[in-house]
2 protein chains.
Amino acid sequence: MAKDSTETRARLIDAVGRVLAQEGFEKIGVNSVAREAGVDKVLIYRYFDGLKGLVAAFCSQEGFWPSPLELMGGDRDAFARMPYAQQLSEGAINYLRAIRARPLAQEVLAWRFLVQNELTTAFDSVRMASGAEVVNLMNVPTGEHAVDYQALQAIVAAAINHLGTRSGKLKDFSGIGLQDGSGWLRIEAMIHTIVYAVLDEKGPPPA
Amino acid sequence: MAKDSTETRARLIDAVGRVLAQEGFEKIGVNSVAREAGVDKVLIYRYFDGLKGLVAAFCSQEGFWPSPLELMGGDRDAFARMPYAQQLSEGAINYLRAIRARPLAQEVLAWRFLVQNELTTAFDSVRMASGAEVVNLMNVPTGEHAVDYQALQAIVAAAINHLGTRSGKLKDFSGIGLQDGSGWLRIEAMIHTIVYAVLDEKGPPPA
DNA sequence: GACTCATGTCACTCGTCGGTGACATGCGCA
DNA sequence: TGCGCATGTCACCGACGAGTGACATGAGTC
């Protein structure tokens, strides 16, 4: 035999994605993944030093998480020049769209929010770094203001985390249908409305 | 023996709460609960028709979920007379406080958001009914308005769900410390700000 | 006393889990 | 040709999960 081991590694990584999509995060284990990959489970230990390493490799795949550039809308310089309200509104909406477009990342993220174990901690660093890079480019107004920017960001981010991570399973939330795009457009419009209303600025019309 | 079976039932229900508090929702099983209760697991099947029934009984305990009255702030008539902005703002804040005050309900709710299985569906009806009762009393403005009330409610509720269900484990969110009360006050104030800013009304000063 | 029945204990099956050691195979190299 | 090593297969272990059937005990009833 002695095939190419890189193919076996790829088969295992792909199998993680299939188990994640079909069975969910909680069903991920050395037995189920190896079975799905058609490969002996001992190779998970040999090539990835256990399930933790395999999941980390899976989540490190190109494009698995939204890139900072994607959250900025594709143009880093343009984002850096935006006023704060526009940065927050568009960044939040881009974040929501990015999560909605990634069902597997939704699943992982949802579990990361709920439990913190050796599996979920494997990819925290990647996620954190990505978010921090965007936040660091935000032109948060300085000086004394009446607006609690951190609190505003926290609420917007929390709402998106909840809606985004559940978007794959959620048909309806608070009377808004989320199966087609129209419901999500209403959510996005309201994010825009909230940000500009709280910051008391006249913004560009919603995209 | 032939003791009183109601005591055994109570021991089992209490054991669910202890396992939930100490080990988390995922560790709840017939073996762990029976061991914690100091009782044979076969009694779970005999008295509650399985784990599902036991968990349903646990979640049906008085005060486990916030009551509609609690979400309304304790005075149903006063709530019914409030303008919509005040209803939404105060109702949302009451909801957040109610969840924060119930670590076990947080745990159950968080799992209900993530997975939908025979365990979590057991108590959906109770939860749904409670929320609907409050929503039905809301004086949503009629006629044509520019404000998408459903979307506003959805975002506020989503943010509270995310922050509330994680409040027990979360030390910090978006730079806001959530261990003492001051961070939560900022969150509550921002909920108030958002609601009144979007609805473009002058509200009472934040409590 | 004899019977019924609820209560509770015990032992067991069967499946899955994470993890490990032994072994077969085949490639590259001396 | 023979050696080392990476690759891959197989069988097994102990632990724990849900669920079930058999049996002991004791209280109330006729």
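No experiment lies behind these values; they were computed from the predicted model shown. Lettering of chains follows the sequences in order, A, B, ..., and the numbering in each one begins at 1.
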Picking from dT9(D), dT9(C), dG18(C), the nucleotide nearest the side-chain atoms of D40(B) would be dT9(C)

Count the heavy atoms belonging to other residues, nucleotides or ligands that lie under 6.0 Å from CD of E7(B), then report whether that count exceeds 12.
-> no

Whole angstrom value for the distance that separates P of dG17(D) from CG of N31(A) = 16 Å

Pick the nucleotide of DNA chain D nearest each of L51(B) and R46(A); which residue has the one closer to the 5' end?
-> R46(A)

Mind listing the closest non-hydrogen atom pair of A34(A) and L12(A) along with its distance?
-> CA-CD2, 4.4 Å

Look at the side chain of L43(A) and decide which nucleotide, out of dG8(D), dG18(C), dT7(C), has an atom nearest to it.
-> dG8(D)

Would you kindly give the CG-to-C1' distance between L54(A) and dG19(C), to the nearest whole Å?
-> 16 Å

Atom CZ of R9(B) and atom C1' of dA6(C) are separated, to the nearest Å, by 10 Å

Round to the nearest Å and state the distance from F48(A) atom CZ to dG18(C) atom C1'.
-> 18 Å

Interatomic distance, E23(B) CD vs dC16(D) C1' [rounded to whole Å] = 14 Å

Whichever of S32(A) and V42(A) has the more 5' nearest nucleotide on DNA chain C, that residue is S32(A)

Round to the nearest Å and state the distance from K27(A) atom NZ to dG15(C) atom P.
-> 16 Å

Taking atom C1' of dC16(D) as reference, at what distance in whole Å does atom NZ of K41(B) sit?
-> 9 Å

Between Y45(B) and Y47(A), who's closer to the 5' end of DNA chain D by nearest nucleotide?
-> Y47(A)

Would you call the rings of F25(B) and W111(B) parallel, tilted or perpendicular, where under 30° means parallel and over 60° means perpendicular?
-> parallel

May I ask you to decide whether R112(A) forms a salt bridge with E107(A), counting only side-chain N to carboxylate O separations under 4.0 Å?
-> no

What's the CZ-P distance between R11(A) and dT7(D), to the nearest Å?
-> 15 Å

Shortest side-chain distance from S5(A), nucleotide among dG17(D), dG8(D), dT7(C) | dG8(D)

Do S32(B) and E23(B) get their side chains close enough for a donor-acceptor pair, meaning under 3.5 Å?
-> no

